Chemist: 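After the structure tokens below, expect a handful of questions from me.
What you see is a predicted model; the values in this text were computed from it and never measured. Each chain gets a letter, A, B and so on, in the order its sequence line appears, and its residues count up from 1.
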Number of protein chains: 2
Amino acid sequence: MPRLARAEELYEAVNQLIRVHQFRDRDYICCHDVSVAQCYALETLVKRGPLRLQALADEMYLDKSTTSRVVDSLLRKQYVLKLHDPDDQRAIQLSLTPSGEALYQTIHQDLISEEASMIKDVPPEVVDGALTLIRQLTIAARNRLGS
Amino acid sequence: MPRLARAEELYEAVNQLIRVHQFRDRDYICCHDVSVAQCYALETLVKRGPLRLQALADEMYLDKSTTSRVVDSLLRKQYVLKLHDPDDQRAIQLSLTPSGEALYQTIHQDLISEEASMIKDVPPEVVDGALTLIRQLTIAARNRLGS
DNA sequence: CATTATAGTTGTTACTAACAACATAGTGAC
DNA sequence: GTCACTATGTTGTTAGTAACAACTATAATG
């Protein structure tokens, strides 16, 4: 298969996967107290620990203004905490409250058990293979974004 | 690795891939005359041929009202055509205009050559492996949505 | 100390997307 | 044939997603 044809097939396949995942995420996340973007912010704070706003924005590939408003809504719902950095009065440290952490764990478990159901008929070694490859593709894509 | 841990890793990996692709799509599509959703509608009409509104909505996993408005904007820009079904006065047949077709081809080629650059250092057999697996995952996910 | 750079917020605009209510047009039951 | 039911699209409304530009306040640099 020529190079461009392979690229096309891959593009197509990833796109389909994205649609399905997006649709599912809307379903599973929004029945809890947060939106998809809000949940993603919670997730990032769980994974990376307390972050500054700009760092959070970078992790999420979002503008700082968009991120500021997403954080605002989490703040109002008391899922995150905002502390001024003592070394830099401009900066804020964002961290999860216990209820934010708890909410994320609930949603996460929902999503993971859903994912587990999805792959229940796919052989483990096939999943492992997919994992490695998907990660490689992500790294390749990320490297290109940076340049 | 236990079953849930594998599911968790996969969920994580797919999520990362999705973020990167979404970010890139925003970049590459929106500098043309259409938004991401509008481009997706064009793509669906290219792939499936003329469709009714509800059928288009089903393909895109969107509500018919959302789809109606996406189509509206494509109509105003004269990228799609709306024809009444002679057999059913309620229904409309949506099809691409030549300029809609042309615009999609331009964007598509941009995206594909970008995808090709991304995977230029990934061995072809690795890409082929990823392809098969990504498709399998999509099918598994889709089947679960239907049920 | 003036200039420049950085961190975050707010104003504005456009897109994404669902749900509910609606008008209209087919489909069946009787 | 008419009444109820269903299906197709559109419109009103609300909420979430997201960028860009302008702004305030703070920090760093010369």
Chemist: Dump every N/O contact between nucleotides 15-22 of chain D and the protein below 3.5 Å, one line per pair.
Modeler:
unit_1: D:dT17; atom_1: OP1; unit_2: A:S35; atom_2: OG; d: 3.2
unit_1: D:dT17; atom_1: OP1; unit_2: A:V36; atom_2: N; d: 3.3
unit_1: D:dT17; atom_1: OP1; unit_2: A:A37; atom_2: N; d: 2.9
unit_1: D:dT17; atom_1: OP2; unit_2: A:S35; atom_2: OG; d: 2.7
unit_1: D:dA19; atom_1: OP1; unit_2: B:R26; atom_2: NH2; d: 3.3
unit_1: D:dA19; atom_1: OP2; unit_2: A:D63; atom_2: N; d: 2.9
unit_1: D:dA19; atom_1: OP2; unit_2: A:T66; atom_2: OG1; d: 3.4
unit_1: D:dA19; atom_1: N7; unit_2: A:T66; atom_2: OG1; d: 3.2
unit_1: D:dA19; atom_1: N6; unit_2: A:R69; atom_2: NH2; d: 3.2
unit_1: D:dC20; atom_1: N4; unit_2: A:S65; atom_2: OG; d: 2.7

Chemist: Expressed as a whole number of angstroms, how long is the span from B:R52:CZ to D:dT10:C1'?
Modeler: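 Checked: the CZ to C1' distance equals 16 Å.
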Chemist: In whole Å, what is the span from the CG atom of A:L56 to the C1' atom of C:dA7?
Modeler: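 So the two atoms are 14 Å apart, to the nearest Å.
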Chemist: Is there a side-chain contact between A:Y40 and B:N15, using heavy atoms and a 4.5 Å cut-off?
Modeler: no
Chemist: Looking at A:E59 and A:K47, is there a salt bridge between them, counting it only when a charged N and a carboxylate O are closer than 4.0 Å?
Modeler: no
Chemist: Tell me the interatomic distance from B:D72, atom CG, to D:dT11, atom C1', rounded to whole angstroms.
Modeler: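 So the two atoms are 10 Å apart, to the nearest Å.
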Chemist: Nearest whole Å is fine: how far is D:dT8 C1' from B:L51 CG?
Modeler: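 In whole Å, D:dT8 C1' and B:L51 CG are 14 Å from each other.
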Chemist: Could you check whether A:E9 pairs with B:R135 (Lys NZ or Arg NE/NH1/NH2 to Asp/Glu carboxylate O, under 4.0 Å)?
Modeler: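 Yes, charged N to carboxylate O under 4.0 Å.
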Chemist: Is the phosphate of C:dA7 approached by A:K82 (side-chain N or O, under 4.0 Å from OP1 or OP2)?
Modeler: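 Checking C:dA7 against A:K82, no side-chain N or O comes under 4.0 Å of OP1 or OP2.
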Chemist: With a 4.5 Å limit on heavy-atom distance, are the side chains of B:V80 and B:L42 in contact?
Modeler: yes
Chemist: Does D:dT10 have OP1 or OP2 under 4.0 Å away from a side-chain N or O of B:S68?
Modeler: yes
Chemist: Less than 4.0 Å between a side-chain N and a carboxylate O, is that true for A:E115 and A:R24?
Modeler: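 Salt bridge present between A:R24 and A:E115.
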Chemist: Between D:dA7 atom C1' and B:D85 atom CG, what is the distance in whole Å?
Modeler: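 Whole-Å distance recorded here is 13 Å.
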Chemist: Is a donor-acceptor contact shorter than 3.5 angstrom present between the side chain of B:R90 and the base of D:dT8?
Modeler: no
Chemist: Search all heavy atoms of B:R6 against all heavy atoms of A:D128 and return the closest pair with its distance.
Modeler: NE-OD1, 3.0 Å
Chemist: Measure the distance from CG on B:D88 to P on D:dA7 and round it to the nearest whole Å.
Modeler: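 B:D88 atom CG is separated from D:dA7 atom P by 12 Å.
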Chemist: For A:I92 and D:dT26, give me the distance from atom CD1 to atom P, rounded to whole Å.
Modeler: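 Between P of D:dT26 and CD1 of A:I92: 14 Å.
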Chemist: If I take atom CG in residue B:L74 and atom P in nucleotide C:dC15, what distance separates them, rounded to the nearest angstrom?
Modeler: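 Atom CG in B:L74 sits about 11 Å away from atom P in C:dC15.
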